[in-house]
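Predicted, not measured: the structure shown is a model, and the values here were computed from it. Note: hydrogens, waters and symmetry copies are ignored here, and every other heavy atom, side chains too, is used.
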Amino acid sequence: MDTVKVLSYAKLNLTLDITGKEGNYHTLDSLVVTAGLYDKIVAKKRKDHLIDVTMHGMGSDKLFPEENHAVRAGERFVEEFGTQGANITVYKNIPMGAGLGGSSADAAGVLNALARLYQISDFARLKAIADGLGSDTGYMLRGGLARMRGRGDEVEFFSDSPDMHFLLLCPKSGVSTAECYQTFDELPRTDKAGRTERCLEAYRGMGVGEAARLFGNDLFESAKSLNPDVGEAVMILKSFSPLGASMTGSGSAAFALFEMRELCEWAKSRYKGKFRSYIVDAVYPAEKKRKYSNPYSIEGD
């Protein structure tokens with residue numbers, strides 16, 4: 001096998017609590033789920049030990065190699081496992097700077113692609129590489145419904161696969177993660193502690209609908225202060241009376257959970273604003289077959 005193709009999915013932080021700091025890093029407690037919006041990774045073997053990454057779509061071609069987590073993932077894989085290198089193409093469909101985990105998805109996708117290409121099955125070593133690349137990269141190697149804690153490296157996966165249907169609104173301008181956390185440290189705390197635990201208790205006791213009322217994000221106020229579009233996106237989504245709505249990651253994307261996909265379609269049809277809108281479903285590890293709508297997708301695949 002000289003070429004492999006994998007899909008790497010976005011994530012939504014249904015809740016996000018900032019629980020403290022360890023050195024220069026914030027610790028978190030977050031309920032996350034994989035969303036049906038993904039990048040495509042194509043990896044081809046090389047005869048040397050080099051990693052060459054080409055990006056297409058969403059302005060990703062402007063990324064410097066030293067800032068590209070896909071490049072770092074490939075290089076660390078080769079260093080860890082002593083394999084040959086690869087020519088890697090990333091076809092972007094996940095908006096950048098939106099809190100949807102696109103950078104982490106690419107890093108996780110590269111690791112998964114190279115593991116298949118070189119028949120590596122040591123998940124613990126792959127996760128160790130992933131955890132060194134970003135706070136949610138280890139989770140995104142697998143995806144699904146999970147609770148992330150610590151610096152994102154403590155992941156508790158749930159076997160549940162509840163149907164969840166979301167409408168996303170993505171402002172054109174993103175939010176700097178570093179600036180968002182810095183602003184969070186400077187602003188007074190207004191959110192109640194333990195949201196993730198309370199949301200999980202509601203989910204276990206009464207299901208997704210009740211849990212959705214507790215969706216929320218400690219970084220929302222700081223993200224909104226940096227980019228007012230974040231607050232506008234959440235406000236618009238709440239106007240459609242979803243089960244719950246919030247911001248994902250450090251912004252700028254916002255999401256709303258609806259009881260049925262038809263309600264997502266109804267809300268999307270009513271929305272006439274300036275933000276990009278997507279309807280996505282929760283995706284679980286066993287679900288792999290989805291139509292790829294990226295204009296950069298490979299013909300015939």
Flag yes if more than 12 heavy atoms outside [X] fall under 6.0 Å of its [atom1] atom; otherwise flag no.
X	atom1	result
Lys44	NZ	no
Glu262	CD	yes
Lys172	NZ	no
Arg276	CZ	yes

[atom1]-[atom2] distance between [X] and [Y], expressed to the nearest 0.5 angstrom:
X	Y	atom1	atom2	value
Phe158	Leu31	CZ	CG	6.5 Å
Cys264	Ile279	SG	CD1	5.5 Å
Ser246	Leu14	OG	CG	8.5 Å
Ile41	Leu111	CD1	CG	10.0 Å
Asn87	Thr3	CG	OG1	9.5 Å
Arg213	Leu257	CZ	CG	13.5 Å

Does [X] reach the side chain of [Y], with side-chain heavy atoms less than 4.5 Å apart?
X	Y	result
Glu232	Lys274	yes
Ser161	Leu145	no
His56	Lys92	no
Met260	Trp266	no
Lys45	Asp2	yes
Glu201	Met206	no
Lys11	Thr34	no
Phe255	Leu167	no

Considering all heavy atoms, the nearest [X]-[Y] contact:
X	Y	value
Ile94	Ala105	CD1-CB, 3.9 Å
Met148	Leu28	O-CD1, 3.4 Å
Phe220	Gly231	CZ-CA, 3.9 Å
Asp17	Asp218	CA-OD2, 3.4 Å
Tyr271	Ser277	CD2-CB, 4.4 Å
Tyr278	Cys170	CE1-SG, 3.8 Å

Between [X] (side chain only) and [Y] (backbone N and O only), is there a donor and an acceptor less than 3.5 Å apart?
X	Y	value
Ser30	Thr15	yes
Tyr118	Gly85	yes
Asn227	Ser173	yes
Arg76	Gly132	yes
Thr248	Asn13	yes
Thr196	Asp29	yes
Asn217	Gly249	yes
Glu156	Arg147	no
His49	Thr83	yes

same_hphob_cluster([X], [Y]) at 4.5 Å side-chain heavy-atom cutoff:
X	Y	result
Leu37	Val6	yes
Val208	Leu214	no
Met247	Phe240	no
Leu100	Met164	yes
Val230	Ile236	no

* So which of Val53, Ile51, Ile129 actually passes side-chain contact (heavy atoms from CB on, under 4.5 Å) with Glu75? ->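 Among Val53, Ile51, Ile129, the one meeting side-chain contact (heavy atoms from CB on, under 4.5 Å) with Glu75 is Ile51.
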
* To do: Would you please classify the geometry between the Phe81 ring and the Phe77 ring as parallel, tilted or perpendicular, with 30° and 60° separating the classes?
  =>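 Ring orientation, 0 to 90° scale: tilted.
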
* Parallel under 30°, tilted from 30 to 60°, perpendicular over 60°: which one fits the rings of Tyr139 and Phe157? ->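 Parallel: the ring planes of Tyr139 and Phe157 meet at under 30°.
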
* To do: Take Thr19 and Thr27 through the test side-chain hydrogen bond (donor to acceptor under 3.5 Å, both in side chains) and record every step on the way to the result.
  => CA-CA 5 Å; Thr19 57; Thr27 56; 2.8 Å; yes

If only side-chain N and O atoms count, and only distance matters, is there a donor-acceptor pair under 3.5 Å linking [Y] with [X]?
X	Y	result
His165	Asp281	yes
Asp39	Ser8	no
Asp136	Ser104	yes
Thr177	Ser250	yes
Asp160	Tyr203	yes
Thr183	Ser225	no

* Test log, rule side-chain contact (heavy atoms from CB on, under 4.5 Å), inputs Phe123 and Leu141 -> CA-CA 9 Å; Phe123 183 80; Leu141 280 173; 3.9 Å; yes

* Asked: Between Phe275 and Asp229, does a side-chain contact (heavy atoms from CB on, under 4.5 Å) hold up when you go through it step by step?
  -> CA-CA 9 Å; Phe275 304 138; Asp229 283 349; 3.7 Å; yes

* To do: Could you please spell out the steps behind the side-chain contact (heavy atoms from CB on, under 4.5 Å) verdict for Arg46 and Gln84?
  => CA-CA 6 Å; Arg46 293 176 63 111; Gln84 294 173 301; 5.6 Å; no

* Asked: Can a salt bridge be assigned to the pair Asp153 and Arg151 using a cut-off of 4.0 Å between side-chain N and carboxylate O?
  ->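 Judged by the 4.0 Å cut-off on N to carboxylate O distance, Asp153 and Arg151 do not form a salt bridge.
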
* **Steps toward salt bridge (charged side-chain N to carboxylate O under 4.0 Å, His left out) verdict (Lys268, Glu265)** => CA-CA 5 Å; Lys268 188 176 187 295; Glu265 294 167 352; over 6 Å; no

* Asked: Tyr91 and Asn93: side-chain contact (heavy atoms from CB on, under 4.5 Å), yes or no, with the steps?
  -> CA-CA 7 Å; Tyr91 298 91; Asn93 199 42; over 6 Å; no

